[in-house]
Amino acid sequence: MSSVDKSLFADLQARGLVAQTTGAGEFERYLDEARTLYCGFDPTANSLHIGSLVPLLTLKRFQLAGHKPIALVGGATGLIGDPSFKAQERSLNSREVVAEWVDCLKRQVSQFVDFDCGGKSAELVNNLDWVGSMDVLTFLRDVGKHFSINNMINKESVKQRIEREGEGISYTEFSYMILQSLDFAELYKRYNCTLQIGGSDQWGNITGGVDLVRRLHGGTAHGLTLPLVTKADGTKFGKTESGTIWLDPARTSPYAFYQFWLNTADADVYKFLRYFTFLGVEDIEGIEAGDKASQEKPKAQSILAKEVTRLVHGATGLEAAERITQALFESSLGALTEADLQQLKLDGLPSSSLRRGELAEKPLTQLLAEVGVAASGKQVKDALGRQAVTINGEAKSLDDNMRTEACFSPDAAYFGRYFLVKVGKKKYHLVDVK
RNA sequence: GCAGGGGUUCCCGAGUGGCCAAAGGGAUCAGACUGUAAAUCUGACGCGCGAGCUUCGGUGGUUCGAAUCCACCCCCCUGCACCA
């Protein structure tokens, strides 16, 4: 008999993690007993990004409180595409590609929950297992019959697609909700799963499932949605100039990941600590109070970066990220040893190796753009004009543009071959010239 | 199938024969100020160090000159018809 932590719901609320729940006031009492819950993740890429972090961590919070989590990977739903609050119809991915992504997500999702802890061990399922084998007639007669088009059309999540001039929605995407509802009913049957969690954009799909569980199995199921993560300045959370922040270290290095969190705005950081870490709410309030009281740079960002990086990339990933950060931002570049430089490369600092012969022909603008420190030569030019390009600590100017070879002269190299190129205040790139 | 409305540079969105690499806003990048914040101000923002080059769904055409005009084609949306 595993005990359940009855303060879970209050904690979620204190963290601001509760957007909506079913069952009005009953919901908190419902969690007094050990439940089985699930959350779905659709394979829309070969990696999840930090947008999925909130539900992922919430599954873990439930597990820590004594509930049994199920992570569902949408091998079937990923073939359809969720229309919820999407402005446009999306193009379909091939079955092979989706199957590959399913495998990637399975691995990723697995690292967040515990699969070996007795009764509350997590499960990993793929909805293709039951949707893939269902025939059309069964689907239409046994499942479709329970859905009212009138009802579905009125869902807020598809309203703009239906009402907005110039856009539409295909039957394929419109059916997405039914598939997701079917998942819930299936998991109810298989695991007595009675709770689904998801982003607030999933509310319509979740309540659809709750209804289907009742109609198909006469059971009572619940739903909980998590808030959409927003930033105080109104820009989209989880994107930077270099694109999406992925959970896969091959796509976003632990260093870049760490830097992303370190750059969180003050206006958001305490909220993010509540969302993305397992630090107690009281501790977080303590940090906030401490930062407010002191006139110095707040501590919250570094705590956030540290905690989240460790959750996603483990102690080793965090160590690497901190090592690079310290080398680049805190100590002087000249203090780095050759081993340090090599380690930085291994740790995921962007780097490239060039042959000395390649340097002669190219202007800096072209070289640095090719290497990926800047999006285009124009940006390099702009930076050069403002003394914002630094090679091994030495600022370069527009005059140096055509003197690439001199900029990378062996005399200036660290250990005869390494150059740390900095463009702007934060972007570093290690060039290894052989 | 018919009728009508659309497809512009990352996004939104102006532009209907030269003054258009294309208004404006957003996003993004760089600088100043800072704390590797925010706000603000400045600059950049198709590609190219540059001369210059390549764009406005596609292909042809008219014209000295086209994102803008014409023809055909592709795609999207709305309505009607067909089907049921």
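These values consider heavy atoms only, across backbone and side chains, with no hydrogens, waters or symmetry-generated copies. Being a predicted model, the structure only gives us computed values, none of them experimental. Numbers restart at 1 for each chain; the letters A, B, ... are given by sequence-line order, proteins then strands.
Checked by atom type, the side-chain pair A/Q366/A/E370 shows a donor-acceptor distance below 3.5 Å. Side-chain polar atoms of A/T77 and A/D183 form no donor-acceptor pair below 3.5 angstrom.
Sorted by first then second residue, the side-chain hydrogen bond (donor to acceptor under 3.5 Å, both in side chains) pairs that include residues 7-16 of chain A, not counting sequence neighbours, are A/D5-A/S7, A/D11-A/R15. Contacts classified as salt bridge (charged side-chain N to carboxylate O under 4.0 Å, His left out) and involving residues 330-343 of chain A (residues at least two apart or in different chains) are not found. The list of side-chain hydrogen bond (donor to acceptor under 3.5 Å, both in side chains) pairs with a residue in residues 344-355 of chain A, not counting sequence neighbours, reads A/R323-A/D347, A/Q343-A/D347, A/K345-A/D432, A/S352-A/H429. Within the structure, salt bridge (charged side-chain N to carboxylate O under 4.0 Å, His left out) pairs that include any residue of residues 264-281 of chain A comprise A/R274-A/E285 (at least two apart or interchain).
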Would you list the protein and nucleotides 80-84 of chain B atom pairs, both N or O, that sit under 3.5 Å from each other?
none

Taking N or O atoms only and anything under 3.5 Å, show me the protein contacts with nucleotides 21-27 of chain B, one pair per line.
none

N/O to N/O distances under 3.5 Å, protein versus nucleotides 50-53 of chain B:
{"residue": "B/G50", "atom": "OP1", "partner": "A/K381", "partner atom": "NZ", "Å": "2.8"}

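Remark: B/A22 base-pairs with no nucleotide; criterion is Watson-Crick or G-U wobble with both hydrogen-bond distances under 3.5 Å. The partner of B/U40 is B/A32, judged by Watson-Crick or G-U wobble contacts that both fall below 3.5 Å. Both distances falling under 3.5 Å, in either a Watson-Crick or a G-U wobble arrangement, occur for no nucleotide opposite B/G50. Figure legend. B/G4 is base-paired to B/C77; pairs are counted as Watson-Crick or G-U wobble with both atom distances under 3.5 Å. Nucleotide B/U59: paired with B/A71 (Watson-Crick or G-U wobble, both distances less than 3.5 Å).
For the ring pair (Phe, Tyr, Trp, His ring centres under 6.0 Å) test, no residue two or more places apart in sequence or in another chain qualifies with A/Y258. Not a single side chain to side chain contact (heavy atoms under 4.5 Å, CB included) links A/A369 to another residue, sequence neighbours left out. Applying the side chain to side chain contact (heavy atoms under 4.5 Å, CB included) test to A/D400 and every residue at least two apart in sequence or in another chain returns A/L364, A/K396, A/S397, A/R403, A/C407.
Comparing B/C77 with B/A84, their P atoms are spaced 24 Å from each other, to the whole Å. Here, B/C75 and B/G48 have their C1' atoms 33 Å apart, quoted to the whole Å. Here the separation of B/U55 from B/U68, taken at their P atoms, is 13 Å to the nearest Å. Going from the C1' atom of B/G4 to that of B/G18 covers 32 Å, rounded to whole Å. Spacing of C1' atoms, B/A32 relative to B/A39, comes out at 14 Å, to the nearest Å. Taking the C1' atom of each, B/C11 and B/C45 are spaced 14 Å apart, rounded to whole Å. On the P atoms, B/C49 is 45 Å away from B/G5, given to the nearest whole Å. Separation of the P atoms belonging to B/G15 and B/G6 is 11 Å when rounded to the nearest angstrom.
One interatomic measurement links the two molecules: NZ of A/K299 to P of B/A37, which rounds to 18 Å at whole-angstrom precision. The distance from atom CG of A/D382 to atom C1' of B/U42 is 11 Å, rounded to the nearest whole Å. In this structure, A/Y270 places its OH atom 14 Å from P of B/A38, rounding to the nearest Å. Regarding A/L368, its CG atom lies at a distance of 15 Å from the C1' atom of B/G48, rounded to whole Å.
When all heavy atoms of A/A413 and A/N392 are compared, the pair lying nearest together is CA-ND2, 3.8 Å. The shortest heavy-atom contact between A/M134 and A/T138 is CG-CB, 4.2 Å. Minimum interatomic distance between A/P227 and A/S200 (heavy atoms only, all atoms of both residues): C-OG, 4.3 Å.
Taking the six-membered ring for Trp and the full ring otherwise, the centers of A/W246 and A/F257 sit at least 6.0 Å from each other. Aromatic rings of A/F237 and A/F272 (six-membered ring for Trp) have centroids within the 6.0 Å cut-off, being under it. Residues A/F419 and A/Y414 place their aromatic rings such that the two centres sit no closer than 6.0 Å.
The stretch residues 400-410 of chain A touches RNA chain B through A/N401, A/M402, each having a heavy atom within less than 4.0 Å of the strand.
For the atom pair OG1 (A/T309) and CZ (A/F276), the distance works out to 12.0 Å, reported to the nearest 0.5 Å.
Both tests hold for A/R61 against A/F278: distance to the six-membered ring centre under 6.0 Å, angle to the ring axis within 45°.
Residue contacts for A/A265: at a heavy-atom cut-off of 4.0 Å it reaches the sugar-phosphate backbone alone, with no base atom in range.
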Heavy-atom protein contacts under 4.0 Å, nucleotides 31-36 of chain B, coded B base, S sugar-phosphate only, - none = BSBBBB

